[in-house]
Amino acid sequence: MSLVKNIQKSLIDALTSIYPNPFSEKDFQINQTKDEFEGDYTIVLFSLVKSLKSSPELIGKQIGEHLITRYPELFTNYNIIKGFLNLTIADDYWNNLLHQHHHDNCFGKHAMNGKKVMVEYSSPNTNKPLHLGHLRNNFLGWSVAEILKANGYEVLKSCIVNDRGIHICKSMIAWQRFADGATPATTNKKGDHFVGDYYVKFNDEYKKEVKELVEKGMNEAEAEKNAPIMLATQQMLNDWEAGKSEVIDLWKKMNSWVYEGFDFTYKTIGSDFDKTYYESDTYLLGKDIVQTGLDKGVFFRKEDGSVWIDLTADGLDEKLVLRKDGTSVYMTQDIGLAKQKYDQYKIDQSIYVIGDEQNYHMKVLKLIAQKLGLPYANDIYHLSYGMVELPTGKMKSREGTVVDADDLVDEMIATAKHHTEALGKVKDFTTEELEVLYKTIGLGAMKFYLLRVDPKKKMIFNPEESIDFHGFTGPFIQYTFARIKSILRKETLTKNTKNESLLLPLEKEVLFTLEQFPSIISEAAKELNPSTLANYLFGLAKTFNSFYAEHSIGNAESEEKKQLRLQISVMTSTVLQSGMQMMGINVPERM
RNA sequence: GGUUCGGUAGCUCAGCUGGAUAGAGCAUCAGCCUUCUAAGCUGAGGGUCAUUGGUUCGAAUCCAAUCCGAAUCACCA
């Protein structure tokens, strides 16, 4: 049980034995005591004043006395300042915590709870390479999955590949017309970049054609519809849906190039999936559900034959679920796929890691599922995250203003190499060891940078100022870990005994922070927010570094102190490592 | 126009289930490596928490209005 829970419990006991009223943990607040006051945790007494009809000083004194006499193993002291009851936690509590958990690799993790969750993330289009926005999505999805696992959930990671549609045909048409048979192999280009170039080429050509038509006197909207290359693309989409073999073959060929590129990137950044869905397989799903909806009167058919749902009563609009020609729209297949996931895996919750531009779509999806009375409707959860923007505004792949994922990864690894070489601490490493290290640090910096911000907030990335390696960063935490490991190579933990000596303030501060790790993991899962973890780990590393600077471990005042500090170091390294792993970040033994 | 989200230090962000003098990192300035890794530590300066009003013993946090920014509201995906 966490310390805060312990305090809550003892406080309720104190209150109920002193006063006649019933109490719950909602009746008071427990905060960390501010540095300038003596104590560890603080009870705010004001909220109790009204119901107890007493002064804060008196209430505080009664509670304080009760707590230190009834729970001496938890509290040793108290003081009251202006309505705040500051409690000092007994050293013995910290010593017990350390004694029990310093060698516990599972500290903070929860036992399996029997619940199954699917996390869908990444979801790329097969017409262009991954960019910075995709990285945020991948790191978030991965991290949330790991955090849920640590909380006892069985997690399935899934990915829906957007591999069909007009946008895919655009790169296909451009390749047909302009490539002259070139392939990734003949041009020595990564497959996804190769295909992406033709997507850009399409748009250049399209713009040119539209301009020409407008110059000939056509209005812009007409020109956009009638540009020859667009007409050809439309035709290609029709041919694809009709199963025309040469189109299908081209589609397969170009997609395979893209997948080769994606596989490389996913491997580098450490993304993987238990199940991959392809839109070319799922795009017809959900049509049967439309019929059910019509039968139930949830949907209605317009005169032209199209099928809709009226959500105006819920403050939304009318939404199309089936076109007049009977073909399905995005919403249709999303409903179908949601059902398939549920049927296939019997999941208790389905988390979709999708950008906030789709908030409306996901809201409608859930609402439709609810109105249809589908059993999994309430278990659909949209983990919405903000876009990554440049100082100049949104990234647009069509205009080439994107930060490419592969480029950024390379740059980060190169920067890690640069820093490492400049410091010259690992000159004895082999080439292979160095490569692993550069990757660990470079990717660590990048992942931490993208995960430390609250997912739902949009973030600004300035490519001019490359991602930092100092301060509130991944390498800072990795460095703290490496430092501890360095000590542990020199000094050995010989005794597993419980400390009895008086704890110094910084020793206590590290223990105080370590104690919160289990609560942080729960909170991160509850909020589906890795930034909670990132902030915590940074705080822990910072506290440890202060402790490290102030107190010698190898040359401690006494053998007992040395063992105490080694235990603190071991436990800190374990927590740093397991926390970073939940963000998909490795920690190096040396750096 | 409707809906939703956001506005905190020069920059990037914490804090938001109301609590003590609003916190970090970067950047700037001043210190600390002949003992465990200086990718570190210690300190300084830097704020009308968008604005106005309200609720409260107490508001960055809750409510209302206003201003600014973003997303979205397609027989696109």
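Note on naming: letters A, B, ... go to the chains in the order of the sequence lines (proteins, then strands), and numbering restarts at 1 for each one.
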### Query
Nearest to the side chain of A/K425, which nucleotide is it out of B/rA39, B/rU35, B/rA71?
B/rA39
### Task
May I ask you to establish whether A/R452 and A/F538 are in a cation-pi arrangement, using a distance under 6.0 Å from NZ or CZ to the six-membered ring centre and at most 45° from the ring axis?
no
### Query
So, A/K417 and A/E435, do they make that salt bridge, N to O below 4.0 Å?
no
### Query
Is any side-chain N of the basic residue among A/K302 and A/E318 closer than 4.0 Å to the acidic one's carboxylate O?
yes
### Summary
Considering only heavy side-chain atoms of A/K34, the closest of B/rA20, B/rU37, B/rC41 is B/rA20
### Query
Do the charged groups of A/E279 and A/R164 touch, with an N to O distance under 4.0 Å?
yes
### Task
Could you give me the CA-CA distance, side-chain angles and deciding distance for A/H131 and A/L408, then say whether side-chain contact (heavy atoms from CB on, under 4.5 Å) is met?
CA-CA 9 Å; A/H131 60 66; A/L408 185 61; over 6 Å; no
### Query
Would you say a side-chain N or O of A/R483 is under 4.0 Å from OP1 or OP2 of B/rC41?
no
### Query
Is there a donor-acceptor pair closer than 3.5 Å between any side-chain N or O of A/R565 and the backbone N or O of A/A556?
no
### Query
Does the pair A/K562/A/E557 count as a salt bridge with the N-to-O cut at 4.0 Å?
no
### Summary
Residues in residues 545-552 of chain A with a heavy atom under 4.0 Å of RNA chain B, by number, are A/N545, A/S546, A/Y548, A/A549, A/H551, A/S552
### Query
RNA chain B: A/K363 or A/W308, which has the more 5' nearest nucleotide?
A/K363
### Message
Say we look at B/rC11 and B/rU28: how far apart would their C1' atoms be, to the nearest angstrom?
### Response
12 Å
### Message
Would A/F84 count as stacking on B/rA20 if stacking means ring centres less than 5.5 angstrom apart and planes tilted under 30 degrees?
### Response
yes
### Pair A/R323 + A/D325, salt bridge at N-O below 4.0 Å
no
### Query
Rounding to the closest angstrom, what is the interatomic distance between B/rG19 and B/rU56 at atom C1'?
12 Å
### Task
Find out whether the Lys NZ or Arg CZ of A/K319 is both under 6.0 angstrom from the six-membered ring centre of A/W308 and within 45° of the ring's axis.
no
### Query
Is any side-chain N of the basic residue among A/D428 and A/R590 closer than 4.0 Å to the acidic one's carboxylate O?
yes
### Query
Using 4.0 Å as the upper bound for N to carboxylate O, is an ion pair formed by A/K371 and A/D314?
yes
### Contact letters for nucleotides 5-15 of chain B, in which S counts primed atoms plus P, OP1 and OP2 and B counts the base, heavy atoms under 4.0 Å
--S----SSS-
### Task
For nucleotides B/rA60 and B/rU17, find the distance between their C1' atoms and express it as a whole number of Å.
15 Å
For nucleotides 56-63 of chain B, print each protein N/O atom paired with a nucleotide N/O atom at under 3.5 Å, atom names and distance only.
none

### Query
Quantified in whole Å, what is the C1' atom distance between nucleotide B/rA9 and nucleotide B/rC26?
12 Å
### Task
For nucleotides B/rG40 and B/rC57, find the distance between their C1' atoms and express it as a whole number of Å.
45 Å
### Query
A/Y330 on top of B/rA77's base, within under 5.5 Å and under 30°?
yes
